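One structure below.
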There are 2 protein chains.
Amino acid sequence: MAFDMLSNLSFPALKIREREFGKPARNEGRAATKTRILAATEKLFIVHGFDATSLRAITTEAGVNLAAVNYHFGSKEELFALVLTNRLDTLNLERVRLLDALEENGFDAVNTVEQLIATMFLPALRLARNVERGGDDFLKFLGRAYADSSPFVRNLLAERYAAQNARFVHAFAKALPELAAQDLSMRLHFMLDAISSTLASEDARKLMAGLAATATGDSAANEDAAVLGHLAPFLAGSLRARVNQTSQQEAIRTVLAFA
Amino acid sequence: MAFDMLSNLSFPALKIREREFGKPARNEGRAATKTRILAATEKLFIVHGFDATSLRAITTEAGVNLAAVNYHFGSKEELFALVLTNRLDTLNLERVRLLDALEENGFDAVNTVEQLIATMFLPALRLARNVERGGDDFLKFLGRAYADSSPFVRNLLAERYAAQNARFVHAFAKALPELAAQDLSMRLHFMLDAISSTLASEDARKLMAGLAATATGDSAANEDAAVLGHLAPFLAGSLRARVNQTSQQEAIRTVLAFA
DNA sequence: TACAAAATCGAACAATTGTTTGAATCGTTC
DNA sequence: GAACGATTCAAACAATTGTTCGATTTTGTA
């Protein structure tokens, strides 16, 4: 299966890891073939997704022979599984860690939803600031991964992170007891789809950079607070909106009358 | 270009059109090859999208020779352009027509946003009820089209419907003057991405059917009102949410403290 | 330095893609 | 019924895909 080699590599710190574990560590000259393939794969995946990224494009970008991919990683799917999980495992781990911490210390009574949203997105913002982990590209990568249409990527994410996702769904349900399960499911669905496709698009990320620039003072924490200050109320507003208010119903019926 | 033959066909009423215009009208026996190809294309596009739908899959589904596509439509792209625009032209026309009617008669003062949202989605709901136009499949089709990742589809939609989209952006901006252009752009972006990918997914549409079932009385108009009664307040809530409330900011900073 | 394992390389593989070709068939018109 | 254009068909085309093979080179170790 594709998961056989998932645990023995950490990218992009691959070369260091090999040295740590006293692995063969041959081929120390310049960047090792494996590392360069992984970097090229990530770069091209961000732009084109899984299906549209060919092994020839990857090996050309990496300056490496075509056969190297199958030699080092077994198959295209195993290569991409490695690239995806190395990014997303750390992200989801950090998310759940934050959720644990907040559940232990108790949520803010009136702003639980905002806090849950912050919990989901803060880890991504922080990783996006870590240059070693790809900097800005991390958000693009995240968007691509969750928006990718290939069955392989969708199944990988759904199966591997099902437990973590369920934790958050459960937490939101507890924070919004007045919302029918039906409506909550729809709204969370909306919210996550929106985030993914937005992160993947270029202009939306520039917009987020603009939000970060409105921070008072320019510490990293202030920037995160600024972005979440725009994002969380917006999303929380959608989750909390009341359904079927009579004045709204009347307004909608006016539109129906014209159609 | 792909648009050469866009104007001379109307699907699915193709056979009738040919007769109307006194076209050759040969090959009247059974369903004409063209019509069957168009139907098969639409069916497979809904499930697999543009890239993953091969001409061989289409011609097999249609029970037609492989070469028929290039003979009747010129190329794969021209075929899909025809399928896409025949659906979306009518939709966008109806949307703008509704918008015109409401702008002329004046919006509800306090619920303009809800009305604008209803204006955007009501035409889709109505077309989805028209069995001749594909019934339920129309919503799947719509979701696929706007979520498709292929450059061809994205460019087609962006270029062809740029003017209509701008009309709605402008209307929302007028209805939400207190919202910075930056925030409005982000929120509309979110909203539309969310709608598309939600329509494309199977479970979300079952959910909408569930909402429709909550209607009092079961006329078509009541069902539309029920769906919009859940959808519009939810989306309006997200568009209207206030940014940077101090209590929310405090709650978010609590989360930052744990990270 | 010599040996063996690891890694790289060019080349070819089989499968799939959209498209084109030229002959065979069908339907209409004279 | 002959002739002509429109349509259908099987077959092949060229390009691209992921993968595999065998020979060659590189590398660490004895």
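Not measured: the values here are computed from a predicted model.
Under the 3.5 Å distance criterion, the side-chain polar atoms of B:R187 are left unmatched by any main-chain donor or acceptor of A:F234.
Taken from CZ in A:R144 to CG in A:L139, the straight-line distance is 14.5 Å, to the nearest 0.5 Å.
Note: B:F141 and B:F138 have parallel aromatic rings, judged against thresholds of 30 and 60 degrees for the angle between ring planes. Ring geometry for A:F80 against A:F45 counts as perpendicular: the plane angle is over 60°, on a 0 to 90° scale with 30° as the lower cut.
Atom pair B:F73:CZ and C:dT19:P shows a separation of 13 Å (rounding to whole Å applied). To the nearest angstrom, P of C:dC9 lies 5 Å from CG of A:N65. B:F152 has its CZ atom 13 Å from the P atom of C:dG18, to the nearest Å.
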### Task
Summarise how protein sits on nucleotides 14-26 of chain D as a single string, 5' to 3': B when a protein heavy atom is under 4.0 Å from the base, S for sugar-phosphate-only contact, - for no contact.
---BBBBB-----
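A salt bridge links A:R87 with A:E42: at least one charged nitrogen is closer than 4.0 Å to a carboxylate oxygen. Salt bridge B:R126/B:E94: absent, no basic N to carboxylate O contact under 4.0 Å.
Residue B:T33 places none of its side-chain N or O atoms closer than 4.0 Å to OP1 or OP2 of D:dT7. When the side-chain nitrogen and oxygen atoms of A:H72 are compared with OP1 and OP2 of C:dT8, one or more of them lie within a distance under 4.0 Å.
For the pair B:L93 and B:D89, the minimum side-chain heavy-atom distance is 4.5 Å or more.
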## Note on the structure
For DNA chain D, the dot-bracket notation using Watson-Crick and G-U wobble pairs below 3.5 Å, [ ] for pseudoknot-type crossings and | for other-strand pairs, is |||||||||||||.||.|||||||||||||
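A:F50 carries A:K76 over the face of its six-membered ring, with the cationic atom under 6.0 Å from the centre and within 45° of the normal.
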